[in-house]
Amino acid sequence: MRLSADERREAVVRAAFAEFAGRGYHGTSTEAIARRVGVSQPYLFRFFPTKHDLFEAATDRCFQRLAQALGEAPATLEGMSRAYAELRAGRDVPLMLLQAAATAASPGQDAFAARVRRGWLDLWDLAGERTGAPPAELAALFARSLPPAAPPHPTPIAPPASTSLPIPAAAVSPGRGPRSPARTRPRPHAS
């Protein structure tokens, strides 16, 4: 059975979502996305003129999946928290959120950063409208629900015995305080 253009576009967005979530914007090639879908790269660019357009579509899909989960969850903070936790159990949504945040923080990505901000604000509004919760409780919901920056370490790491670290005497410049290690090396003489 032959896929319609809309179905093929949907397959491209799903593939891009998975590839970008796992490898990030710079680590993902459009060739890998095309290969995953089973189309040529030129065909991929018929739907999305640039790689960044494709990344935006994958990011939008991530926020759509979150909105769908929150929209279908019981209209309580606990219900929404459980729904989001179920999405976090998979790897693609939390990874895509991290990739989107990293890209949004990159230089020259102001428009994309606004798009990501809008995605979060739309989720905030959805949760607020459905639960009637005040801003402090919504903040707690989203703070608890944000994806971890890294998976938990298999062995808990003990906190350091002391919170202050000694500064080696060689790293202190008289009357000027600590210096960075790069500044403690001798500077080459100008010729």
Side-chain angles (χ1 to χ4, degrees), residues 1-75 79-130 138 141-152:
M1 184 172 127
R2 190 175 164 109
L3 296 178
S4 70
D6 287 342
E7 291 168 328
R8 186 74 67 173
R9 185 181 194 286
E10 175 61 26
V12 168
V13 173
R14 278 195 317 268
F17 184 91
E19 290 290 329
F20 285 129
R23 292 182 177 81
Y25 181 78
H26 295 291
T28 299
S29 69
T30 54
E31 181 181 334
I33 295 167
R35 190 172 39 249
R36 184 182 272 253
V37 180
V39 299
S40 67
Q41 239 178 329
Y43 188 79
L44 184 92
F45 286 117
R46 287 178 58 195
F47 295 111
F48 300 96
T50 68
K51 179 180 173 181
H52 193 75
D53 291 337
L54 189 51
F55 187 74
E56 287 179 351
T59 300
D60 291 347
R61 174 56 46 85
C62 185
F63 282 112
Q64 289 165 2
R65 285 182 62 187
L66 287 164
Q68 181 180 2
L70 294 181
E72 294 172 355
M80 291 189 178
S81 184
R82 274 195 310 273
Y84 190 67
E86 288 174 17
L87 275 179
R88 281 184 47 204
R91 78 185 263 283
D92 287 350
V93 169
L95 287 176
M96 189 65 208
L97 288 172
L98 290 171
Q99 300 296 355
T103 301
S106 298
Q109 292 294 330
D110 295 341
F112 183 72
R115 183 185 211 104
V116 171
R117 221 175 359 267
R118 173 72 348 217
W120 281 114
L121 290 173
D122 289 347
L123 292 175
W124 176 280
D125 290 345
L126 175 65
E129 289 167 9
R130 293 205 61 232
L138 289 173
L141 167 71
F142 284 100
R144 276 193 316 268
S145 300
L146 290 175

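Just so it is clear, the values below take in all heavy atoms, side chains as well, and ignore hydrogens, waters and symmetry mates.
Summarising the geometry of Pro49 relative to Phe47, their closest heavy-atom pair is CD-O, 4.0 Å, with the distance given to 0.1 Å. Smallest separation of non-hydrogen atoms from Val13 and Ala57: CG1-O, 4.0 Å. Annotation for Ala83 and Ala69: closest pair CB-O, 3.7 Å, computed over non-hydrogen atoms. Scanning both residues, Arg36 and Ala18, for their nearest heavy atoms gives NH1-CB, 3.5 Å. Contact record, Met80 with Leu126: CE-O, 4.5 Å, taken as the closest heavy-atom pair. In this structure, Leu87 and Pro94 approach most closely via the heavy-atom pair O-CD, 4.0 Å.
Taken to the nearest 0.5 Å, the OG1 atom of Thr59 stands 10.5 Å off from the OH atom of Tyr25. Interatomic distance, CG of Leu44 versus CD of Glu31, reported as 11.0 Å (0.5 Å rounding). Atom CZ of Arg88 and atom CG of Leu66 lie 11.0 Å apart (nearest 0.5 Å). The OH atom of Tyr84 sits 8.5 Å away from atom CG of Leu70, with the distance rounded to the nearest 0.5 Å. One distance of note links CD of Glu19 with OG1 of Thr30; it measures 11.0 Å at 0.5 Å rounding. Between Asp122 atom CG and Arg117 atom CZ the span is 12.5 Å, to the nearest 0.5 Å.
Exactly one residue among Phe112, Phe48, Phe17 makes a ring pair (Phe, Tyr, Trp, His ring centres under 6.0 Å) with Phe55. That residue is Phe112.
Ring pair Phe142/Trp124 is parallel by interplanar angle, where below 30° counts as parallel and above 60° as perpendicular.
Between Arg14 and Arg61, some side-chain heavy-atom pair lies under the 4.5 Å cut-off. Looking at Val116 and Phe63, their side chains come closer than 4.5 Å, going by heavy atoms from C-beta outward. Counting heavy atoms from C-beta outward, Arg8 and Val37 have side chains that approach closer than 4.5 Å. A heavy-atom distance below 4.5 Å is found between the side chains of Val93 and Arg65. The shortest distance between side-chain heavy atoms of Phe20 and Leu95 does not fall below 4.5 Å.
We find that Glu86 and Arg82 are not joined by a salt bridge, their nearest charged nitrogen and carboxylate oxygen being 4.0 Å or further apart.
Looking at residues two or more places apart in sequence or on another chain, you find no side chain to side chain donor-acceptor pair (under 3.5 Å) involving Arg91.
Judged as a salt bridge (charged side-chain N to carboxylate O under 4.0 Å, His left out), not a single pair has a partner in residues 41-51 (not counting sequence neighbours).
In Arg118, the CZ atom is crowded: over 12 heavy atoms of neighbouring residues, nucleotides or ligands sit closer than 6.0 Å. In the displayed structure, His52 atom NE2 is contacted under 6.0 Å by more than 12 heavy atoms of other residues, nucleotides or ligands.
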